[in-house]
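Order of the sequence lines fixes the chain letters, A, B, ..., with proteins taken first and strands second; residue numbering starts at 1 for each chain.
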2 protein chains.
Amino acid sequence: MTTRESIRPGGRSARVQASVHKAVRGLLSTMDRSDVTIPLIATEAGVTPSTIYRRWGDLPELLADVAVERLRPDAPPRDTGSARTDLTQWAEQYADEMASGIGRAMIRDVLASVGADTGNAGKCCSYTREQVQSIAERARDRGEEFPDVETVIDKLVAPIMYRILFDDVPPTSEKVLSLVESLLPERR
Amino acid sequence: MTTRESIRPGGRSARVQASVHKAVRGLLSTMDRSDVTIPLIATEAGVTPSTIYRRWGDLPELLADVAVERLRPDAPPRDTGSARTDLTQWAEQYADEMASGIGRAMIRDVLASVGADTGNAGKCCSYTREQVQSIAERARDRGEEFPDVETVIDKLVAPIMYRILFDDVPPTSEKVLSLVESLLPERR
DNA sequence: GCCTAAAAGCAAATTATTTGCGTTAGTGAT
DNA sequence: ATCACTAACGCAAATAATTTGCTTTTAGGC
């Protein structure tokens with residue numbers, strides 16, 4: 001487990017966690033990530049390095065912890081009135097965010113920590129599922145046809161992510177559009 | 001660039017590279033990866049740590065270098081007589097290999113090093129493309145219908161990879177089969 | 001308000017990384 | 001074949017990061 005807010009007693013945990021996370025975000029936006037070290041983060045956050053080592057283990061785990069938090073959507077996808085536009089807009093934004101330099105770095109941080117701290121990648125996956133799920137539910141409420149969430153993952157999310165991670169070419173807007181269209185019933 | 005076999009003059013490079021790679025593979029199969037360090041690898045390989053630091057930079061890059069080499073297919077996909085079975089067998093094997101503990105670790109090693117050494121992930125992607133390409137060419141030579149390589153990447157490879165990386169549940173054999181079937185024309 | 005235990009600080013010990021410099025071994029030219 | 005050249009390696013000292021034992025602080029339960 002990475003972040004244990006405050007399990008039983010004792011715990012200025014939350015404060016330390018907040019300042020460390022903040023320090024990481026700040027440093028990451030300022031300097032090259034290969035220059036970011038735990039002693040540096042500790043100084044910036046006003047804590048001792050050993051505190052960070054004991055709580056997070058190592059830099060990859062800390063970075064992953066910060067990344068999953070930043071990757072968590074702050075709101076459900078915008079309701080645009082129809083499943084087609086909901087999904088289109090969400091997918092475009094998802095692709096843009098993930099394909100950006102910072103987005104890609106966060107994904108890699110998350111993936112790099114799997115093994116040590118299982119579950120980070122799973123969380124990201126859940127966030128995405130939840131977002132798609134809420135689009136799907138709205139579609140259902142409107143009486144629209146909408147594919148299964150897992151189908152959306154397979155045919156839309158997975159291709160976007162694969163190309164971001166492995167190809168150096170992020171998916172173009174047209175590409176994303178065509179993936180979305182392939183999921184939905186014929187436009188009338 | 002990570003491995004420069006022997007660019008211009010000078011170079012017992014190849015020998016050192018071989019023994020270091022071998023040492024990494026050996027250690028990785030013996031012990032927990034979090035216990036594998038550069039000094040340890042150096043000792044095992046019979047070289048000095050500084051040699052490794054100078055050539056590879058750090059552990060993630062070295063691991064990535066070893067991983068891409070192991071990820072490179074040694075032969076084109078087996079010719080089973082039809083595109084359907086070619087693709088099915090290849091996809092099953094691909095999914096199995098990548099979902100295995102060692103496979104997942106290798107993928108993560110490769111992804112972790114992007115940024116420092118751009119191109120490792122791209123290489124993996126190329127290997128996959130080449131494999132699919134050769135199945136596609138055989139299909140064409142037989143006069144069979146076969147989807148575009150990029151379509152195969154989007155609809156078969158990407159979902160497999162996404163689930164391996166983000167979900168903890170690797171795709172089942174049935175899942176892979178259904179992905180393959182969705183790509184091919186109706187079975188007669 | 002006191003007690004308790006988890007979490008943080010501190011500092012010493014250990015381990016990993018970087019770096020300057022001398023040596024070695026392929027390579028290409030003679 | 002020999003020689004000169006240079007990239008790559010080894011060695012060891014310097015620096016930086018990580019681990020660890022022990023002490024102190026602090027939030028929560030009584």
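- Taking side-chain N and O atoms only, B:T48 has no distance below 4.0 Å to OP1 or OP2 of D:dC11.
- One interatomic measurement links the two molecules: CG of B:D35 to P of C:dT15, which rounds to 13 Å at whole-angstrom precision.
- No N or O donor and acceptor, one from the side chain of B:S13 and one from the base of D:dC9, sit under 3.5 Å apart.
- Rounded to whole Å, the distance from CG on A:L59 to C1' on D:dT19 is 16 Å.
- Atom CD1 of B:I38 and atom P of D:dC9 are 14 Å apart (whole Å).
- For the residue pair B:Q93 and B:Q89, no side-chain donor N or O sits within less than 3.5 Å of a side-chain acceptor on the partner.
- Around CZ of A:R78, the count of heavy atoms belonging to other residues, nucleotides or ligands within 6.0 Å does not exceed 12.
- Side-chain nitrogen and oxygen atoms of A:T37 include at least one within less than 4.0 Å of the OP1 or OP2 phosphate oxygen of D:dA17.
- One interatomic measurement links the two molecules: CD1 of A:I41 to P of D:dA16, which rounds to 17 Å at whole-angstrom precision.
- Among the nucleotides D:dA17, C:dG9, D:dG10, the one closest to the side chain of B:T51 is D:dG10.
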For B:D65 and B:R55: C-alpha separation, side-chain torsions, deciding distance, then whether salt bridge (charged side-chain N to carboxylate O under 4.0 Å, His left out) applies.
CA-CA 11 Å; B:D65 191 42; B:R55 266 187 81 154; over 6 Å; no
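- Phosphate contact (OP1/OP2 of D:dA7, side-chain N/O of B:R55, threshold under 4.0 Å): absent.
- We find that CD of A:Q17 is positioned 15 Å from C1' of C:dA8, with the value rounded to whole Å.
- Residue-to-nucleotide contacts include a donor-acceptor pair under 3.5 Å from the side chain of A:R54 to the base of D:dG21.
- Straight-line distance from the CD1 atom of B:I52 to the P atom of C:dT19: 17 Å, rounded to whole Å.
- Under 3.5 Å, the side chain of A:S50 and the base of C:dC10 form at least one donor-acceptor pair of N or O atoms.
- Residues B:L111 and B:A121 come closest through the heavy atom pair CD2-CB, 4.0 Å.
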